[in-house]
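Before any comments, here is the structure.
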Amino acid sequence: MRTDLLTDPIAGLDEALATVDAFDQVLVSGLLRPQQITGLTGLADAVAGSPLAARVAEAAEKTAAGAAGEEHFVSLAAARIAVFGSVHDALVTRAAEATGRSSGEEAVRTAAETESPNLLAAVRSWLSDLARAGWQGIDHDLISASAPVISALLAEPGLRRLAVLLDGFAAELAASCPGAALERVPVRRWGDLWSRGMLLTVPGVAATPAIGTLTGRLLPLGVDLLEHATAAQAQVHAVFEPEDGIAPRLVRASVTVPKPDTIIGAGIWQLLRPHLSLLAAVGEGRSMDLADMPVTAEGDLLWKDELARLGEPADPFATARVVLPKATTPSAAPLDRHPARIAVPVFLEGYSTEGDEDALTFTFAGNQLAVETDRIPAAGPLTPKAVASSSACIGLLRWDGGFRLQPLAVETTVRKKTTAVHAGAWAGGTTDKVGVKAEKAATDAAAVLRERAGRLLRK
């Protein structure tokens, strides 16, 4: 790892982010009568050398004059996403230079047939009304107008991606009404959701990624576990070694499930295990042999248990030291090119640690890399204390105002012996006292919930 490259400035990065921030401030007050024209002109200038130039320049002019239509708002959303896409690409290129790994070829995508054009038009109309009002102008009447549109979207399988985005977005906005009373506005987040929603209403934007198949050996690196009050997701990051001997590649396998808010900690694995047999392999430290497993061009495995079988023991740290440096990184889809989506698997050793468990950094010859200990899940034995005393780390390189590391596993010394501690160690089950206690509590909670549900159904 060339960690020095992660702290070196990237030409044009600050200017691009400032351009987006300025436009997002326009969205705060609204596009009906924008008060900060520089946010519009700056966005138009940023894409002046691109195919979007004429459309965005016209959109900025019309919006500044208070005469913009839906097509102009779509152009502004496209420009915003394009600028963030350039930021994403610059950061990914820098990460590739730091890791020394090459990127895969650009994915071929097939445009899907547009269904329900009237429904997409209704979505675009609501999002346009939202932009005209601005975040400070939202009220319950405006947000509730999205309800029938979202209900209709949820009934269309081909539009489920847009439906879920709008459902969550509308819920956040409804919880923040009235906008005029907001003390703090999540400016960038709402700008991201708005612009992404606008683009998803354009035919051909949500193109279908090319899907191939993989046959060979899958070597897990670690698990990224995300928990919400009503849902949980486990994403396994792994290296795939093709049967034909060509270069290994990075892949991911994910599972998302609904959950009651009473099941927390290690109990979450009980909800996830039945849907992804790979979690058992992770917990046991073993590889998996795949036969014609579907995979998207972005490296996401469309997991089917019948196409995988448990393989030989595979130490993730051996994989990280020997195979990971040779693995190629898949390219991201155009609409997914955003700094927040960067999650590059890396292996680090030879560092010293500084700071406490709440503000920890890894230092390499004077170069510091911030460690996101707050991303370590409670559903595993990995702790900030173990990370602080570690000598080697498998993690995900992310970006949030600078490159940061999310630990997935570390090697640390326990009783004078080097021991590996993994965030996903309990994924397949555990004999650890803490994990067993949490699993039992989750089992009891699930039993109570099933009994209550049964009573309701019997009434």
Quick check: are there more than 12 heavy atoms from other residues, nucleotides or ligands sitting under 6.0 Å from [atom1] of [X]?
| X | atom1 | value |
| --- | --- | --- |
| E306 | CD | yes |
| R189 | CZ | no |
| R404 | CZ | yes |

- Might you work through the side-chain contact (heavy atoms from CB on, under 4.5 Å) test for W126 and L166, ending with a clear yes or no? CA-CA 10 Å; W126 179 72; L166 288 183; 4.1 Å; yes

Heavy-atom closest contact ([X] atom, [Y] atom, distance):
| X | Y | result |
| --- | --- | --- |
| P258 | L271 | O-CD1, 4.1 Å |
| L360 | G355 | CD1-O, 4.1 Å |
| R161 | R196 | NH2-NH2, 2.8 Å |
| L52 | A82 | CD1-CB, 4.0 Å |
| L250 | P330 | O-CD, 3.6 Å |
| V87 | P339 | CG1-CG, 3.6 Å |

Residues pairing under ring pair (Phe, Tyr, Trp, His ring centres under 6.0 Å) where one sits in residues 297-331, two or more places apart or in two chains, turn out to be F317-H422

Next item on the list: Among residues two or more places apart or on two chains, list those pairs meeting ring pair (Phe, Tyr, Trp, His ring centres under 6.0 Å) that have a residue in residues 254-282.
Entry: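 Found none.
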
With a 4.5 Å limit on heavy-atom distance, are the side chains of [X] and [Y] in contact?
| X | Y | answer |
| --- | --- | --- |
| V26 | L76 | no |
| R80 | D24 | yes |
| L154 | I150 | yes |
| L17 | F84 | yes |
| V28 | W190 | no |
| Q25 | V187 | yes |
| L200 | L159 | no |
| T328 | P248 | no |

Rounded at 0.5 Å granularity, tell me how far [atom1] in [X] sits from [atom2] in [Y].
| X | Y | atom1 | atom2 | value |
| --- | --- | --- | --- | --- |
| L130 | L173 | CG | CG | 5.5 Å |
| L369 | L405 | CG | CG | 5.5 Å |
| R124 | L199 | CZ | CG | 11.0 Å |
| T99 | E97 | OG1 | CD | 9.5 Å |
| T215 | E243 | OG1 | CD | 6.0 Å |
| L214 | M293 | CG | CE | 8.5 Å |

| field | Stepwise side-chain contact (heavy atoms from CB on, under 4.5 Å) test for L307 and T213 | value | CA-CA 11 Å; L307 301 179; T213 59; over 6 Å; no

Practice prompt. Flag the pair R188 and D400 as a salt bridge only when some basic side-chain nitrogen lies within less than 4.0 angstrom of an acidic carboxylate oxygen.
Written response: no

Quiz item: Under 4.0 Å between a Lys/Arg side-chain N and an Asp/Glu carboxylate O for R375 and D224?
Solution: no

Please check this pair: side chain of [X] against backbone of [Y], looking for a donor-acceptor N/O pair closer than 3.5 Å.
| X | Y | answer |
| --- | --- | --- |
| T201 | L120 | no |
| T256 | Q233 | no |
| T63 | A60 | no |
| S390 | T412 | no |
| R252 | E298 | yes |
| R94 | L5 | yes |
| R286 | G311 | yes |

Fill in: ring-ring contact (aromatic ring centres under 6.0 Å, His included) against F364, all qualifying residues, sequence neighbours excluded
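Residues passing ring-ring contact (aromatic ring centres under 6.0 Å, His included) with F364: Y351.
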
Open item on the list: I need the full list of side-chain hydrogen bond (donor to acceptor under 3.5 Å, both in side chains) pairs touching residues 4-20, with sequence neighbours left out, sorted by first then second residue.
Closed with: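 Listed by first then second residue: R2-D4.
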
Inset, instruction - Please test W399 against L6 for side-chain contact (heavy atoms from CB on, under 4.5 Å), starting from the C-alpha separation and ending with a verdict. - result: CA-CA 10 Å; W399 193 88; L6 301 179; over 6 Å; no

For L278, which of L310, V236, V255 qualifies under side-chain contact (heavy atoms from CB on, under 4.5 Å)?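 By the side-chain contact (heavy atoms from CB on, under 4.5 Å) criterion, L278 pairs with just one of L310, V236, V255: V236.
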
* Partner set under side-chain contact (heavy atoms from CB on, under 4.5 Å) for D374, not counting sequence neighbours ->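 Applying side-chain contact (heavy atoms from CB on, under 4.5 Å) to D374 gives E372.
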
Contacts of H338 meeting side chain to side chain donor-acceptor pair (under 3.5 Å) (sequence neighbours excluded), chain-then-number -> D192

*For the pair F23 and W194, name the ring-plane relationship: parallel under 30°, tilted 30 to 60°, perpendicular over 60°.*
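Tilted.
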
Subject >> Stepwise side-chain contact (heavy atoms from CB on, under 4.5 Å) test for I394 and H237 >> reply: CA-CA 11 Å; I394 298 172; H237 290 263; over 6 Å; no

